[in-house]
2 protein chains.
Amino acid sequence: MPQPRFQRRKEQRPAEITQAALEAFAEHGYAATRVDDVAKRAGVSKGLLYLYFKTKEELFKAVIRSVVVPRIDALKTDIADTELSAEEFLRGPFLEFIKKLPDSPARIVVRLMIAEGPKHPDLTAYYCDKVISGGLAALRQLISRGVRQGEFRQSSLDEFPQLLVAPALLSIVWRTLFQKHYPLDTDKLLETHIELILRAIKVEQGDARGGAM
Amino acid sequence: MPQPRFQRRKEQRPAEITQAALEAFAEHGYAATRVDDVAKRAGVSKGLLYLYFKTKEELFKAVIRSVVVPRIDALKTDIADTELSAEEFLRGPFLEFIKKLPDSPARIVVRLMIAEGPKHPDLTAYYCDKVISGGLAALRQLISRGVRQGEFRQSSLDEFPQLLVAPALLSIVWRTLFQKHYPLDTDKLLETHIELILRAIKVEQGDARGGAM
DNA sequence: ATACTTACTGACCCAGCAGTCATTAAGATA
DNA sequence: TATCTTAATGACTGCTGGGTCAGTAAGTAT
């Protein structure tokens, strides 16, 4: 009794296809990936793919959205709900969060957004709104809390929360381009960064804990 | 009397073509740019372009090289030759240097490298060697000098000079993607960053810990 | 069973583009 | 001026790959 040549699985198809597309885009980038290749990876015909996604561009947007939404929501609720002090949060959950980025699908999304973003203004606006504004607002809130509670001195950091994540972006880019030519311990880099920032913004106590880092 | 239909200008052509290509790539990215469009921008026929560059990929590599080489050399000699103290150098020439990046062709090169780098290992190796290693070594040297002369305390920063330029990378990316949705004063961001880093690594006054560890 | 709906297939179409080459004319040489 | 070299042209080609659609068969209702 032969296997049926295919199964009808209307529900799962879109997710399977975006997952396959993510992998293909990760390897070749958007422009150089053939729709046919995505379909093959998903174990599906090209025709079916076009049944779920009107164009290659629509597929691209769906891929970005599928990765982006869950992650940023996690960080936002983390910051809102935590019991930790601002410093503890930065050293703990926040550091863990940015450490994971360079090996997560976020890496692929960042590369895709940088490469293709300018050609897709609506997608960029969406990304800006969902990821950037939301994420930065959450960080700003965290820093303000630190200032309010006397942990941190007043500084320009709450005007530029981007500075907290800049090294994460660098780590992501490094991983995609240089890691094998020029290895970099991104975990340690990110730890060092948090350490430096905290040293710069913490209110000085009389403690003069000036040890090397 | 009509203008001659074209002029023979063997010397200038390559530079004109790479310049045109840079502009075209900046607008559409590498893959989506047609060679014909580059030729038109350069005021030249496609055939001529192929006389100077064997393939589109060769043209791409030439573009990257044409932008990258002069800039990084400038920074390296600056650091080697300066009379300034390390702190003065960071606040002065270095800050100026990274402030210029987000509006310079470097922005385009960064985008192109992130998008296409993984597909061109030899180019990435070249870039890594010329730009990254060189630039980072120069920065490491600057920091070490600061430590040696008692300006800076020993820190992990000289292990990760990347942290000095991470916000510049972020500024570049921000400019290419979000600037019009979500304006950012990158100059001020970079100033803030230098300020924070210096506060973190400067030996505190009255603190006599020198170079020895 | 039988009829019916629709998820799914894959051969096909054709626009668009990298790369070629026979031809043209700018400018050097004498 | 006549001759030669080669920078420069642009029409042409072959192929790649996005997108289509007539047909097929999996599942469902009766």
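Below, read A as the first sequence line, B as the second, and so on, with proteins coming before strands; counting in each chain starts at 1.
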Nearest-Å distance, [atom1] ([X]) to [atom2] ([N])?
X: B:R9; N: C:dA26; atom1: CZ; atom2: C1'; answer: 13 Å
X: B:F6; N: D:dT9; atom1: CZ; atom2: P; answer: 6 Å
X: B:Q7; N: D:dT6; atom1: CD; atom2: P; answer: 20 Å
X: A:R13; N: C:dT6; atom1: CZ; atom2: P; answer: 18 Å
X: B:D37; N: C:dA18; atom1: CG; atom2: C1'; answer: 14 Å
X: B:E58; N: C:dG19; atom1: CD; atom2: C1'; answer: 14 Å

Between [Y] and [X], is there a salt bridge with N-O shorter than 4.0 Å?
X: B:K100; Y: B:E96; value: no
X: B:K119; Y: A:E27; value: no
X: B:K188; Y: B:E191; value: no
X: A:D73; Y: A:K130; value: no

Hits for side chain to side chain donor-acceptor pair (under 3.5 Å) against B:R91, two or more places apart or cross-chain, chain-then-number order -> B:E87, B:E195
Check whether NZ of the Lys or CZ of the Arg B:K99 lies under 6.0 Å from the centre of the six-membered ring of B:F94 and within 45 degrees of that ring's axis.
no
Heavy-atom contacts under 4.0 Å between residues 26-36 of chain B and DNA chain C, which residues?
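DNA chain C contact set from residues 26-36 of chain B: B:T33, B:R34, B:V35.
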Among [options], the nucleotide that comes nearest once only the side chain of [X] is considered:
X: A:Y50; options: D:dA8, D:dA25, D:dG18; result: D:dG18
X: A:R8; options: C:dA7, D:dT6, D:dT9; result: C:dA7
X: B:S45; options: C:dA7, D:dG10, D:dA7; result: D:dG10
X: B:T55; options: C:dG19, D:dA8, C:dA7; result: C:dG19

Below 3.5 Å, does any donor atom in the side chain of A:K46 face an acceptor in the base of D:dG19, or the other way round?
yes
Closest-nucleotide 5' rank along DNA chain D - winner of B:G47 and A:E57:
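Result of the comparison: B:G47.
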Taking 4.0 Å as the cut-off, does a side-chain nitrogen or oxygen of B:Y52 come that near to OP1 or OP2 on D:dA8?
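Yes.
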Looking only at non-hydrogen atoms, find the nearest pair between B:V63 and B:S66 and report the distance.
O-OG, 2.7 Å
